[in-house]
Amino acid sequence: MARKASLMSTVKAARDAVEATPTEAAPIDRADMATSAMHLPKATLQLLRKVAVARAGINGGRPSVSAVLVDLVEQHRPDLEAEIGD
Amino acid sequence: MAGTLPLVCDAMPLEDKRGAAPWIRKVSLIDTDILVIDLPPQTGAATAAALILADLFLVPVSPSSLDLRAASKALDMLKEARVARADGKPAALLVPSKVDRRTGAGREIEAALHEMGEPVAPAIGLRTAFVDSASGSDWIGGFAPRSIAHQEIAALAAVVDRVTRRKG
């Protein structure tokens, strides 16, 4: 009868399999980027962080609050540009 | 989920070993300086998966024979993980928890833990402030700054910092 693998050996095999197929981070175009500090309500910042973590869990890579903000701005770009008459 | 905690929290349950690979991949992709994995009380797939990744294993142990027995089982799994990893990791700290010095068990908990062969952290007392801060969705440093409870957690954090820096 084949010996049943231990829980730890199964988990180690899973880790080894993960390390054997690394996920590459998406290339970042750093042209025209600027860094700024923002003053936000705590709840708003927590929501942004949670979305960043959730997206990183699905897409891989590093959680990025900045990327979530960029997405939101691009989704609403026509409205935002209309406010300033662009 | 995080309440007013000054950090990001996420729920990542792992029910059995068949989910280990995607769970490990998801955790491995989290890019942060410090990642704390809060584990369920029983030693199962989640504990095994965390031990295969972690630098440090914190084991809270309250002064009771049931908790001491559970800690012993956790340390058995820790030994398995160290053999499987072959890099000497993870380090471990036994944390005397919910300690009431007015009781015999509370006075003797550190002595009992020292016999288990792993380093023992500073004790965390049995304090209503911890319950109240959790009810208020805050950590003890936000809920009762500079209190004895906060000082106890700060002392534990200092030891954790020292151990993780030493292990690299």
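In what follows, every chain begins at residue 1, and chains take the letters A, B, ... in the order their sequences are listed. In this text, all values refer to a predicted model and were calculated from it rather than measured experimentally. Computed from heavy atoms alone, side chains included, the values below leave out hydrogens, waters and symmetry copies.
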**Q** Decide if atom CZ of B:Arg18 counts as having more than 12 heavy atoms of other residues, nucleotides or ligands within a radius under 6.0 Å.
**A**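 No, not enclosed.
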**Q** Could you tell me which residues satisfy side chain to side chain contact (heavy atoms under 4.5 Å, CB included) with B:Glu152, sequence neighbours excluded, listed by chain and number?
**A**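 With neighbours one apart ignored, the set is B:Ile124, B:Arg127, B:Phe130, B:Ile148.
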**Q** Starting at CG of B:Asp10, measure out to CZ of A:Arg49 and round the result to the nearest 0.5 Å.
**A**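 With rounding to 0.5 Å, CG (B:Asp10) is 14.0 Å from CZ (A:Arg49).
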**Q** Counting heavy atoms not belonging to B:Asp38, are there more than 12 under 6.0 Å from its CG?
**A** no
**Q** Which value, rounded to the nearest 0.5 Å, describes the distance between A:Arg15 atom CZ and B:Arg25 atom CZ?
**A** 13.5 Å
**Q** Starting from B:Leu56, can I reach B:Ile153 by hopping between I/L/V/M/F/W/Y residues whose side chains sit under 4.5 Å apart?
**A** yes
**Q** Give the cluster check for A:Val51 versus A:Met38: same hydrophobic cluster or not, with ILVMFWY residues linked at side-chain heavy-atom distances below 4.5 Å.
**A**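 Yes, it is one cluster - the side chains of A:Val51 and A:Met38 are joined through contacts under 4.5 Å.
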**Q** Which residues in residues 67-84 of chain B have any heavy atom lying under 4.5 Å from a heavy atom of chain A?
**A** B:Met77, B:Glu80, B:Ala81, B:Ala84
**Q** Of the non-hydrogen atoms in A:Val11 and B:Ala20, which two are nearest, and what is the gap between them?
**A** CG2-CB, 4.4 Å
**Q** Please say whether more than 12 non-hydrogen atoms of neighbouring residues, nucleotides or ligands are located less than 6.0 Å from CD in B:Glu115.
**A**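 No.
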**Q** Hey, are the side chains of A:Leu7 and B:Thr43 touching, using non-hydrogen atoms and a 4.5 Å cut-off?
**A** no
**Q** Under 4.5 Å between side-chain heavy atoms, counting indirect links through other Ile/Leu/Val/Met/Phe/Trp/Tyr residues: same cluster for A:Val70 and A:Leu72 or not?
**A** no
**Q** Hey, what do you get for CD1 (B:Ile52) to CG (A:Asp16), rounding to the nearest 0.5 Å?
**A**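 Rounded to the nearest 0.5 Å, the CD1-CG separation comes to 7.5 Å.
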**Q** Quick check on the hydrophobic clustering: are B:Val61 and B:Leu126 connected, directly or via other members, by side-chain heavy-atom contacts under 4.5 Å?
**A** no
